[in-house]
**Student:** 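Input: one structure, supplied below.
This one's a predicted model, so the numbers in the text were calculated from it and none came from an experiment.
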Amino acid sequence: MPQLTKLLLEHKELTLSARYSVRIDRTIVIEPLRQLTEDTFKNVLNQKKSVHKIAIENADSAAIEKYEGPFRFCRMNGILIFKPMA
């Protein structure tokens, strides 16, 4: 599973170490290697109900992968899930 070093949600940049995957239906699943604090997640969640652009900086190649939304997101058992809105 690839690892990321930065997650950009529109213009908000989060520096974190995590593994991620992008599913066939364009769902993005991010599993932080360290637990995110509740304050960090609530800050992001309270600012936006949906995200229109996601960019992921890959730890191995320093390449930036970009995904166009809109996405709705949730947190389940410490894992961040970004699902495309139909």
**Student:** With a 4.5 Å heavy-atom cut-off, do F73 and L9 have their side chains touching?
**Tutor:** no
**Student:** Take R26 and F82 through the side-chain contact (heavy atoms from CB on, under 4.5 Å) test and state the conclusion after the steps.
**Tutor:** CA-CA 9 Å; R26 295 187 336 118; F82 296 88; over 6 Å; no
**Student:** Is there a side-chain contact between N58 and Y20 in this structure, where contact means two heavy atoms from C-beta onward sitting under 4.5 Å apart?
**Tutor:** yes
**Student:** Drop me the distance from C74's SG to K83's NZ, to the nearest 0.5 angstrom.
**Tutor:** 7.0 Å
**Student:** Is there side-chain contact between I56 and Y67, with at least one heavy-atom pair below 4.5 Å?
**Tutor:** yes
**Student:** Would you say that more than 12 heavy atoms from the other residues, nucleotides or ligands in this model lie under 6.0 Å from the CZ of R23, or not?
**Tutor:** no
**Student:** Do I54 and L7 come close enough that some side-chain heavy atom pair is under 4.5 Å?
**Tutor:** yes
**Student:** Mind checking the CD-NE2 spacing from E68 to H52? Nearest 0.5 Å is all I need.
**Tutor:** 10.5 Å
**Student:** Are L8 and V51 linked, directly or through intermediate hydrophobic residues, by side-chain heavy-atom contacts shorter than 4.5 Å (ILVMFWY only)?
**Tutor:** no
**Student:** What are the two closest non-hydrogen atoms of A18 and P32, and how far apart are they?
**Tutor:** CB-CA, 3.5 Å
**Student:** Heavy atoms, side chains only, cut-off 4.5 Å: are V29 and L80 in contact?
**Tutor:** no
**Student:** In this structure, which one of D60, I30, L14, T15 forms a side chain to side chain contact (heavy atoms under 4.5 Å, CB included) with L4?
**Tutor:** I30
**Student:** Hey, could you give me the CZ/CD distance between R19 and Q3, rounded to the nearest 0.5 Å?
**Tutor:** 7.0 Å
**Student:** Is any side-chain heavy atom of I81 closer than 4.5 Å to one of M76?
**Tutor:** yes
**Student:** State the CD1-CG distance between I79 and N77, to the nearest 0.5 angstrom.
**Tutor:** 6.5 Å
**Student:** So S50 and M85, do their side chains get closer than 4.5 Å, heavy atoms only?
**Tutor:** yes
**Student:** Residues in side chain to side chain contact (heavy atoms under 4.5 Å, CB included) with I64, at least two apart?
**Tutor:** A55, E57, K66
**Student:** Less than 4.5 Å apart, any side-chain heavy atom of P84 and any of T27?
**Tutor:** yes
